[in-house]
Amino acid sequence: MIHMIQKAKEQVQTLTDAAYQKTAEEGLLPAGVTAKATIEIPKDVANGDYTTTFCLAAAKAMRKNPREVAKLLTERMDLSDSYFTSVAIAGPGFLNFRLGDKWYKETLSVVETEGADYGKNDMLQGKKYMVEFVSANPTGPMHMGNARGGVLGDTLAQVLSWSGADVWREFYVNDAGNQIEKFAKSLEARYLQIIKGEDAVEFPEDGYHGDDIRELAQLFYEENGDKYLNCEEKERHDTLSSFGLNHNIPKMKTDLARYGIRYDRWFFESSLHESGFVADTVNKLTERGFTYEKDGALWLRTSQILAAQLRAAGKTQEDIDKLDLKDDVLRRANGFYTYFAADIAYHRNKFEVRGFDKVINIWGADHHGHVARLKGAMDALGLNGTEKLDIVLMQLVKLVRDGEVVRMSKRTGKAISLTDLLDEIPVDACRYFFNAKPETQMEFDLGLAVREDSENPVYYVQYAHARICTLLKNLAAEGHAVPKGSEVDLSVLTDDLEKALIKQIAAYCEEVRLAARDYDPSHINRYLIDLAAAFHKFYNACRIKGEEEKILSARLLLADCTRRVLENAMKLIGCSAPEKM
RNA sequence: GCCUCAGUAGCUCAGUUGGAUAGAGCAACCGCCUUCUAAGCGGUAGGUCGGGGGUUCGAACCCCUCCUGGGGUACCA
C-alpha cells in the first residue's frame, strides 16, 4: 500500500520545510511562519514534475518578495538521496521539482510487489461502511435508474473497500406497507378478471396497470385455478402478494447478478414491522418528545428538529421561515405506520444494532426531499445522522439512440426494463457507461454503447490491454519473459513518453482515493482512458521487439506494469480486461 | 414561491478544492501501416468557462446578483 504520489509530495514538503528552517536559523527570513501552501503536479511538464506554492503563500507574512524567498530556499535545499534531481524558481515564485530515476524505479517496483492489490490505500482503514443501493420497489420490474444505481453502488462499494473500509452491500426490500396493499389489490383484480371476465371486475384506479401484473395473475391462476375465488379477502391478498414477491425478488436478484452485482444482504422491511422494531422506534421518538397527535395520526416534529439544526448552523429565523418546513406522519389515522417510520427504524437498525460507522444510501434525485428529514430523525434518536449518514443523489438517466430520446423497447413496445437493456448492450459497456458522476444527469447512448470501435471508450481501454497481452505473448515466444524489476536497469527509460506512462501508473492510487473521497467512482473511468492513451502513445513511439537487450527488458517491464494496472482498474469497475480482441 | 443539481469547444464531459498559455474523447480537416494488434498515433481548426459585479499577487473554481434547464416540494413509497 505504497502511494508514490503521496510520497513525492511529502518529500517536497519536507525539503521545503527543512530549507526554510535553515534560512530562518541564519536569520535571513523571519522564523515561525506557517503558510497554507499546496503541492501539486503542474499541468505542463515544462514547469517540473511537482511544484509548491509555499513561497507565494508565505511571502506576505515574511514581508518579502516571493521570488526572493524562493531564491533563499533553493540555495539551501539539499536534494541528495531525494526523489528529485533539481529544483527551480519559476513564474511569480513557484518552486518546481524535477523527478529522477529513483522515483520512477520505485514506482514500477511497487506495482510489481503489490500485484493484484496495487492501487489500494488506507484512507478508510478500520471503518465499517454500508452502501445501500437500488432498493427498488419489488412490485414491478426495475428501470433505468435502478441500473445506474446498481452499477454506481457496486463500484462505489468497491472503491471504498480499496480505500481500506470494511464494506457491506445491502438491498432494502419494501415488502410491507401501502404499496404492497396496492400490489395485492391489483393482482386480485387481474386474477378475478381471469375467472369472471375482464368486464365483470373493476380495476382499482390507483392500482399498478402494467402488463407484469397481468402476467403474474395468469401464472397464479395456472397454479391455483379458482381456489382463492371465494376465500376471505385478507387471505387472498396475502397469498397473492407473497406469490408476487416470491416471483419478483428472485428476478431482481438474477437481473442484478447479470451486471455482476451481488449483495451481502437483502433486508426485508416486513421484518422490522414483525419484530416490533418500527413501533419501538416510534415510541422512542415519542419518549424523547419529538411527536404529537393530530387528526388521529401520529406526527414527527420534523420542522422543529430541522429548524433547530439550521439555527445551530447559523441561519436566521427569516431564512428558516422561508423554507416552510413541514412535519411528517409516522402512524396514519388508520393505524398503519408510514414508509417514513419504517425507514427511520431501518436506519436506527443500521447504526444502533449493527454499528456501522458510515452509511451511504444511493437514491434517485426524486427522493431529495427525504434527505434532511431522515438525517434529522436520526439526530432526534441521538444517532448522529448528520455525520454518519450520507446520501448520494443520482440524477435521472435519459436513454438516447441516434440523437432521439428512447422511452420504449423496440422489441416489446413497452418501457425498457433492465432485462431488455442487457439483451441489447454488453455488460462491460453498461458497467462503464452507468459508472458516471452521480449528480449529473446522464445520457445513455444505446447506439454508442454497442459500437465496437474507437468511438466507444470501453473498447479503447480494452484494446490497450489486449495489445499488451499479445505483445507479451509474442515476446515470450521469442524467449523474452517479463523480467524482475531487480534485474532491470530502468535508467534507460529516458523518453518523455516513458516517464509520462510511469507517472500515469503512479496516479492510480490517488484516483482510487479521490473516487472514495468524492463518492464518485467515475474517476476510475477517466483514469483508464488516460492510462490507455499514455500507453498507446508510448507504444507508438518506442519499440520493444528488436531493441537491444537492456532497453527491451526495461520497456517490457513497463508494458507489463501497465497491463497490471489496466487489469486492476477494469476489474474495480466491473469490466473485463480481455487478452485479445 | 422555496429547496436542490447543473450551465466550460459543434456533441459528451475533465479541470487535482484559488495557480502558470482552460484540457481530453467524439465529430471536421490533413498526415502515419513490407517492422510488437491502425479497435492505434501525430497534426490543424474549434472558447466572452451562462451574464454582470466583488474578494487578491492570481478566479472556470470563493462571495453577491441576475438568466436558462433538470428534479423535488403527499396521512405515496
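Reminder, nothing fancy here: chain letters follow the sequence lines and each chain counts from 1. Being a predicted model, the structure only gives us computed values, none of them experimental.
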Task: Base paired to A14(B) (Watson-Crick or G-U; both N/O distances under 3.5 angstrom) - done: none
Task: Span that lies between the C1' atom of U56(B) and that of C63(B), in whole angstrom - done: 13 Å
- [ ] Indicate the atoms forming the closest heavy-atom contact of S135(A) with Y172(A), along with that distance.
- [x] OG-N, 3.0 Å
Task: C33(B): syn or anti, per glycosidic angle within 90° of 0 - done: syn
Task: Syn/anti label of U17(B) as read from its glycosidic torsion, with the cut at 90° from 0 - done: syn
Task: Carboxylate-amine/guanidinium contact R431(A) D428(A), below 4.0 Å - done: no
Open item on the list: What's the gap between A22(B) and U8(B) when it is taken at their C1' atoms, as a whole Å value?
Closed with: 8 Å
Task: Sugar-phosphate only, base, or nothing, as touched by L330(A) at under 4.0 Å among non-hydrogen atoms - done: nothing
- [ ] Look at the side chain of Y539(A) and decide which nucleotide, out of A38(B), A74(B), C75(B), has an atom nearest to it.
- [x] A38(B)
- [ ] Quote, to the nearest angstrom, the C1' distance that separates G53(B) from G70(B).
- [x] 28 Å
Task: C1' gap between G58(B) and A20(B), integer Å - done: 10 Å
TODO: Report which part of the nucleic acid D175(A) touches: base, sugar-phosphate, or nothing (heavy-atom distance under 4.0 Å, all strands).
DONE: nothing
TODO: Look at all strands and tell whether C542(A) reaches a base, only sugar-phosphate, or nothing, counting heavy atoms closer than 4.0 Å.
DONE: base
Task: Length of the line joining F336(A):CZ and C75(B):P, which is rounded to integer Å - done: 17 Å
Open item on the list: In whole Å, I'd like the distance from the CD atom of E511(A) to the C1' atom of U16(B).
Closed with: 8 Å
- [ ] Give the nucleotide from the list G40(B), A6(B), C2(B) with an atom nearest to the side chain of Y463(A).
- [x] G40(B)
Task: Base paired to C2(B) (Watson-Crick or G-U; both N/O distances under 3.5 angstrom) - done: G72(B)
Open item on the list: Nearest to the side chain of P42(A), heavy atoms from C-beta on, is which of G71(B), A20(B), A77(B)?
Closed with: A20(B)
Open item on the list: Does this structure show an ion pair linking E579(A) with K473(A), if we count only N-O contacts that are shorter than 4.0 Å?
Closed with: no
Task: Selection from G71(B), G40(B), C75(B) that lies nearest to any side-chain heavy atom of H368(A) - done: G71(B)
Task: R467(A) side-chain proximity, nearest of G40(B), C36(B), C75(B) - done: G40(B)
- [ ] Name the pairing partner of G42(B), where a pair is Watson-Crick or G-U wobble with both distances under 3.5 Å, or state none.
- [x] C30(B)
- [ ] Would you mind checking if E510(A) and R513(A) are paired as a salt bridge, meaning a charged N to carboxylate O distance below 4.0 Å?
- [x] yes
Open item on the list: Rounded to whole Å, how long is the line connecting atom CZ of R67(A) with atom P of G58(B)?
Closed with: 18 Å
Open item on the list: Categorize A333(A) for me: base, sugar-phosphate, or nothing, with a 4.0 angstrom heavy-atom threshold over every strand shown.
Closed with: base
TODO: Look at K350(A) together with E170(A) and state whether they make a salt bridge at an N to O cut-off of under 4.0 Å.
DONE: no
Open item on the list: Measuring from the side chain of N96(A) (C-beta onward, heavy atoms only), which nucleotide among C5(B), C36(B), A20(B) has the closest atom?
Closed with: A20(B)
- [ ] Determine the Euclidean distance between corresponding P atoms of G47(B) and C67(B); express it in Å to zero decimal places.
- [x] 28 Å
Open item on the list: Is there a side-chain contact between T139(A) and Y208(A) in this structure, where contact means two heavy atoms from C-beta onward sitting under 4.5 Å apart?
Closed with: yes
Task: F340(A)-H370(A) aromatic ring centre distance below 6.0 Å - done: yes
Open item on the list: When the C1' atoms of C49(B) and C13(B) are compared, how many Å lie between them, rounded to an integer?
Closed with: 13 Å
Open item on the list: Over all strands shown, is T51(A) touching base, sugar-phosphate only, or nothing at heavy-atom distances under 4.0 angstrom?
Closed with: base
Open item on the list: Side-chain N or O of N47(A) versus OP1/OP2 of U21(B): is the shortest distance under 4.0 Å?
Closed with: no
Open item on the list: So D295(A), base contact, sugar-phosphate only, or nothing? Heavy-atom distance under 4.0 Å.
Closed with: base
Open item on the list: Expressed as a whole number of angstroms, how long is the span from H536(A):NE2 to A38(B):P?
Closed with: 10 Å
- [ ] Report the nucleotide, chosen from U37(B), C5(B), G40(B), that has the shortest atom-to-atom distance to any side-chain atom of Y460(A).
- [x] G40(B)
TODO: Name the pairing partner of A59(B), where a pair is Watson-Crick or G-U wobble with both distances under 3.5 Å, or state none.
DONE: none
TODO: For G15(B) versus A24(B), give the span between their P atoms, rounded off to a whole number of Å.
DONE: 15 Å
TODO: Please determine, for the side chain of M581(A), which listed nucleotide (C75(B), C41(B), A39(B)) has the closest atom?
DONE: A39(B)
Open item on the list: Output the rounded distance in Å from CD (E40(A)) to P (C61(B)).
Closed with: 17 Å
Task: A20(B) pyrimidine/purine six-ring stacking with F94(A), under 5.5 Å and 30° - done: yes
TODO: Please tell me which of the listed nucleotides, A77(B), C36(B), C75(B), lies nearest to the side chain of I544(A)?
DONE: C36(B)
- [ ] Look at the side chain of K43(A) and decide which nucleotide, out of U16(B), A74(B), A38(B), has an atom nearest to it.
- [x] U16(B)
Open item on the list: It should be established whether K537(A) places a side-chain nitrogen or oxygen under 4.0 Å from OP1 or OP2 of nucleotide G40(B).
Closed with: no
TODO: Please report, rounded to the nearest Å, how far the C1' atom of C36(B) is from the CG atom of L558(A).
DONE: 14 Å
- [ ] Answer yes or no: does a side-chain N or O of K437(A) lie under 4.0 Å from OP1 or OP2 of C5(B)?
- [x] no
Open item on the list: What is the separation between atom CZ on F433(A) and atom P on G25(B), rounded to the nearest whole Å?
Closed with: 16 Å
Open item on the list: Quick check on A77(B): is either OP1 or OP2 less than 4.0 Å from any side-chain nitrogen or oxygen of R332(A)?
Closed with: yes
- [ ] Take A464(A) and K182(A), find for each the nucleotide of RNA chain B with the closest heavy atom, and name the residue whose nucleotide sits nearer the 5' end.
- [x] A464(A)
Task: Span that lies between the C1' atom of U4(B) and that of G40(B), in whole angstrom - done: 43 Å
TODO: Compare all side-chain heavy atoms of L272(A) with those of T281(A) and state whether any distance is below 4.5 angstrom.
DONE: no
TODO: Let me know the distance between CD of Q395(A) and C1' of G7(B), rounded to the nearest Å.
DONE: 13 Å
Task: Rounded distance [0.5 Å steps], CD1 in I305(A) versus CZ in R301(A) - done: 9.5 Å
- [ ] Assign each of G296(A) and A541(A) to its nearest nucleotide of RNA chain B by heavy atoms, then name whichever residue's nucleotide is nearer the 5' end.
- [x] A541(A)
